[in-house]
Amino acid sequence: MAVDKLMSLKEAVSKYIHDGDTVYYGGFQIMVPMALTHEIIRQKKRNLTTIESSTDVGGLDLLVGAGCVSEIHSAWIMNWYVKAPYAIRRAFQSKQTKRFDVSNFAATSALIAGFLGVPFLPVRGNIGTDMLKLNPTDLKMVKDPFSGEEMTAVRAWRADVAVIHAQVADRLGNVMSWGTRGVTDEFGAMGAKRGVIVTAEEIVEPEITRADPDRTVVPYFKTLAVVHAPWGAHPSACRGYYGLDIRFSQYQGKYERNGELLPKFLDEWVYGCEDHNAYIKKYIQKFGQAGLDRLKPTLGYKPKYQVDYGFHDPAVWKGVPQYTDEYIKA
Amino acid sequence: MAVDKLMSLKEAVSKYIHDGDTVYYGGFQIMVPMALTHEIIRQKKRNLTTIESSTDVGGLDLLVGAGCVSEIHSAWIMNWYVKAPYAIRRAFQSKQTKRFDVSNFAATSALIAGFLGVPFLPVRGNIGTDMLKLNPTDLKMVKDPFSGEEMTAVRAWRADVAVIHAQVADRLGNVMSWGTRGVTDEFGAMGAKRGVIVTAEEIVEPEITRADPDRTVVPYFKTLAVVHAPWGAHPSACRGYYGLDIRFSQYQGKYERNGELLPKFLDEWVYGCEDHNAYIKKYIQKFGQAGLDRLKPTLGYKPKYQVDYGFHDPAVWKGVPQYTDEYIKA
Amino acid sequence: MHATNYKLTELMVVRCAKEIKDSEVVFAGVGLPLVVVGFAMVTHAPNMILFTEGGSIRATAPPGLAITVDDPALFCNGDASFGMLSTMAALQRGEVDVAFIGGAQIDKFGNINSTGVGDWSKPESFTYFAGSGGANDMATSGKRVLAIMPQDPKKFVEKVDYLTTPGFLDGPGAREKLGMIGGGPSVVVSTMGVYKFDEKTCEMYLAEYYPGQSVEKLKANCSFDLKISPNVKETEPPTEEEISVLRSIDPTGFYLG
Amino acid sequence: MHATNYKLTELMVVRCAKEIKDSEVVFAGVGLPLVVVGFAMVTHAPNMILFTEGGSIRATAPPGLAITVDDPALFCNGDASFGMLSTMAALQRGEVDVAFIGGAQIDKFGNINSTGVGDWSKPESFTYFAGSGGANDMATSGKRVLAIMPQDPKKFVEKVDYLTTPGFLDGPGAREKLGMIGGGPSVVVSTMGVYKFDEKTCEMYLAEYYPGQSVEKLKANCSFDLKISPNVKETEPPTEEEISVLRSIDPTGFYLG
């Protein structure tokens, strides 16, 4: 009835991410696909182009620092608690990695254009700035054919493959999200040409996801691989599961800051860990279970209205006579 | 803390719909805003322009037949169980109402462009057809500034006011939808310049809607009026509440079909009914409670996964020392 | 075993369903196509993905008979319900294998009219139908188009009164020139037979006639000079099992009569 | 009664909040703006609507302190959570009253740089910050712009190294010529004082200096020839009640120190 797509992190990345791919890098300030980031580094993928709206906690900075990325199309890249993406700064200066800057909504519009299967979208921002001047790859002027006015257009971004982290997925690849459908994942992931690799906090049976399809951000047909990865967004937050690990972000940031120190972080926390479970084990070993416990959310914000998707069976119409009245008869 | 927007159907239409307005006409084949349609007819609004993707059960046909509409921008208008929008056909032939035809996704893209606040959107369809030739108001060619290729562009559609029917709303105007966010209502309604008039099967307290904001299709700030109107989409279906009333659609269609008979239908079912309650009372009186009972849905399709929106309190970080290790110290 | 007692609608549904391969993404329009895909999903195409304009995306057959493209039955236990945006976007991305549509008029190049008949420039002469709906989008960008049409000389015409939905337009190369990503018409199933399209000329030809019909009868019900396949054959009737499964999908004959 | 014991951050938050009127739609960027809007909502602007890039739309203060623009706290009991699409779309429709942003450099026309310093054409000289984020979109289309900036001669400059976010560009009429729908910079709140913009020249001028600061100190911390309002005055310190409410929002001093 459907293909089971549940597999290990290692298998998912090795099978579905190739050198030279354009990758949609999921999440925003939270829900950053860190388990996937580490695995891409472990497998030494090279010459990736990333596309994303904005991304925090330095996941992308690690990916660049580890030498995986040659081009970045983005609006904002940060590890907020150290105030800059240092590895990216160095990679830009050394010309190892090219940056293509646009505004957040130009980036999102680029992902929407890719999602929509059209080559560009008009946007209101970016005009009058250096982004428009210095990034003609992604931004140009277009004439509105109706009014004749000139405005900014952003080129469609379509990934070969998308990497995202989610709260819940089933083994077939129906991916549930709540508390926003995904900020931009609903477009970035769906626009991917080959499909989506998703790590999820929980894996459930398809009858669970399908009982509430409104919460599906990526449906089965678009998913390549489903990986069970609790804490898969750490140190970023996962809605309903854990908060942002600020101390770890700062700790990691101190390594990002220094090009000579960064390899030591990668050796210990990425290459030195067989998989994401090993990374979490190392965390507990080094900073204690209390470090993770501190991230537990305040729960109790549950839906109060019980919806029912119920349908109507047209079988009821069998034998029911036509409605009529005096005028129709006349 | 917020403005109460609950009011009668009469007040909502009289206050917020003006002659000459462009109106987003909500719903699709189901969720057609029939209570609002009838009230607009009752109040003899004139020279309306409607914009919508597709619409069934003849609601728009009645609105045109009653002389309210001078322009229609749409992809498909129908009363499926009589196989044509007869009043619209007559109004087109007599030049009372102009039609501007585009494809469904051109219509939806036009609504998305309006929603996005940009003047147009590129689309793949419509090229090579008579729609492109005969509707230059909505369809033109545009050159992709990146590839230089020519493709179809659709003009943004923005209503002055949107009329939609929903399952649940609170008195402030947060509108809940499930089993699709609204097919196209999420764009058509949000793109309206002045705001949205919504009829709903149920009115609940804001603490109920706000406990599950993912299901909000129109938030408070965008709503003009909330009207409690059970059966407000009849004879079209309302997801989770009732199915399509095929016999009534056929009955109504027999009147739509005949320009001389149609006023009799309007006299009895619209002008002759003070409000939507009176319309439903008349229905029961004429066709029996069994007619409504027949529309009851098969329920029991409820979400099985209990989501929690929970957040994380950054107060936990107070006094937590920085994480460090030998390399950082060094 | 072939069924001996079946209705024309049943034959059409079963014949259409055979055009759907397993694992394909099928975008189905309102009406009979919704029954066809339901039938395909419970028979030979268990891995088919169903899309509708209402925004349903599902990998399993719906729990009930859908009568609209946004019918709640299509969303009960569906895979996703993002609205028209999601299914039409996938269509524009080129991810739809089969665009399954209807129409009011069709010409020899498979161009379809669902807008109206008469002369648009003289409104008083123009008889409006419903308009394009999603058929135009589906036929522009779906990898191949499957159409279902009533057979009638007024409906199989030399040139449609209003070109709503592109077939091969005026012939070979026309779609490509306009940058259409879809491959165009593949099969037309009428109430009398089955048509395919010549790869070189892009013209429609008769491939099958239904039991009880003949090439002559079909020619008499077509206004253009109908080409006939050298291999034209009688359509295989449905099997008893097919009819039995089909009737279990629509036990009261809502669609099937 | 004026508070006597308050921090600079607290003064800035209270001063910024005064720029928000009740019932306005405020689009807040990451960092201190999230505290300002929370404070405004529970004090003088109970009908304010909060938007963030993460897609939160809410008419009530969040139940907890948000530290990102997609922080779960912003969605708990929110009005809607459609993703960035919804809030940025409303911005492009012209429905945002106040665009509340930060930046790394600002010039006398209110143009902001949050991309980096140095010469872009010589990458080895260019020190990257984070990039635009949503500030560009917000400042282009918000009805008016409220900016919060650290006061520093390297940050208040004659010309920004990289123009990320438009102020008045090169002066009067420039925004209009490019078709921008937003009105441009309104107020800049720095760590030393408050700036407004001349209606005719579009140039920034000093309107207020904080208690303990002076016009001279501010001039010394600004690299361009700073205009001074003839009505320049000392900023009113926060009241004890304001400080008390503010500290209840951030009881552990996460933002306020």
Side-chain angles (χ1 to χ4, degrees), chain A residues 27-31 53-54 56 74-78 80 83-86 88-89 92-95 98-99 101-109 112 123-131 133-134 149-151 178-187 236-237 239-240 243-244 246 297-298 301, chain D residues 30-31 53-56 63-64 67-78 81-85 88-89 91-92 111 113-116 120-121 123-141 160-166 169 174-175 178-182:
Chain A
F28 200 66
Q29 287 194 280
I30 75 169
M31 311 293 284
S53 171
S54 287
D56 203 342
S74 188
W76 190 85
I77 310 169
M78 191 45 119
W80 183 256
K83 292 292 173 202
Y86 292 97
I88 290 174
R89 180 183 286 179
F92 181 82
Q93 290 172 339
S94 71
K95 299 178 191 168
K98 284 186 190 153
R99 264 192 77 154
D101 285 47
V102 301
S103 74
N104 246 354
F105 201 55
T108 301
S109 296
I112 294 174
V123 290
R124 294 225 165 266
N126 304 275
I127 195 165
T129 73
D130 286 330
M131 293 187 287
K133 282 181 204 148
L134 299 172
E149 276 172 42
E150 296 269 344
M151 66 184 304
W178 62 90
T180 85
R181 205 183 266 273
V183 182
T184 66
D185 284 0
E186 65 273 47
F187 305 115
S236 76
R239 200 178 299 277
L244 169 61
I246 291 176
T298 305
Y301 290 86
Chain D
V30 68
E53 285 156 84
S56 172
I67 61 174
T68 65
V69 293
D70 53 355
D71 195 303
L74 295 169
F75 298 85
C76 289
N77 295 337
S81 45
F82 208 123
M84 191 194 295
L85 178 65
M88 284 285 186
L91 185 61
Q92 290 200 144
N111 301 305
N113 170 12
S114 47
T115 305
W120 175 276
S121 66
E124 62 282 6
S125 84
F126 195 80
T127 303
Y128 241 106
F129 306 140
S132 159
N136 169 279
D137 305 296
M138 287 154 72
T140 303
S141 301
V160 290
D161 288 24
Y162 187 110
L163 201 165
T164 317
T165 296
L169 301 168
R175 292 178 65 94
L178 296 179
M180 292 185 188
I181 61 170

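Reckoned from all heavy atoms, side chains included, excluding hydrogens, waters and symmetry mates. Predicted, not measured: the structure shown is a model, and the values here were computed from it.
Most heavy-atom pairs under 4.5 Å with chain D, from the set A/M131, A/M31, A/R181, A/E150: that is A/M131. With chain D as partner, the option from A/M78, A/K95, A/R99, A/K83 having the largest number of non-hydrogen pairs under 4.5 angstrom is A/R99. Ranked by heavy-atom pairs shorter than 4.5 Å toward chain D, the options A/W178, A/F187, A/F105 are led by A/F105.
In this pair, D/Y128 and A/F92 present their aromatic rings perpendicular. The plane angle is above 60°, beyond the 30 to 60° band.
Residues that satisfy the side-chain hydrogen bond (donor to acceptor under 3.5 Å, both in side chains) test with D/S132, not counting sequence neighbours, are absent from this structure.
In this structure, the side chains of D/T68 and A/W80 stay at 4.5 Å or more apart for every pair of heavy atoms. In this structure, A/T180 and D/D70 have side chains that are not in contact, with every pair of non-hydrogen atoms separated by 4.5 Å or more.
Looking at D/I181, the atoms closer than 4.5 Å to chain A (heavy atoms on both sides) all sit in the side chain, from C-beta outward. Within the 4.5 angstrom heavy-atom criterion, atoms from both the backbone and the side chain of D/F126 approach chain A. Interface residue D/L169: only side-chain heavy atoms are found under 4.5 Å from chain A. Only the side chain of D/T115 comes within less than 4.5 Å of a heavy atom in chain A; its backbone stays farther off. For D/S141, the part lying near chain A is the side chain, with the backbone staying farther off; criterion is any non-hydrogen pair under 4.5 Å. For a residue to count as touching a neighbouring chain, one of its non-hydrogen atoms must lie under 4.5 Å from one of that chain's; by this rule D/N111 does not touch chain A. For a residue to count as touching a neighbouring chain, one of its non-hydrogen atoms must lie under 4.5 Å from one of that chain's; by this rule D/M138 does not touch chain A. For a residue to count as touching a neighbouring chain, one of its non-hydrogen atoms must lie under 4.5 Å from one of that chain's; by this rule D/V30 touches chain A with backbone and side chain alike.
The minimum heavy-atom distance linking A/T129 with D/T164 is given by the pair CG2-O, 3.5 Å. Taking every heavy atom of both residues into account, A/G179 and D/S81 meet most closely at C-CB, 4.3 Å.
Atom CD of A/E149 has 12 or fewer heavy atoms from other residues, nucleotides or ligands within 6.0 Å.
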* After noting the C-alpha distance and the side-chain angles of A/N126 and D/N136, does the key distance pass the side-chain contact (heavy atoms from CB on, under 4.5 Å) rule? -> CA-CA 7 Å; A/N126 304 275; D/N136 169 279; 4.1 Å; yes
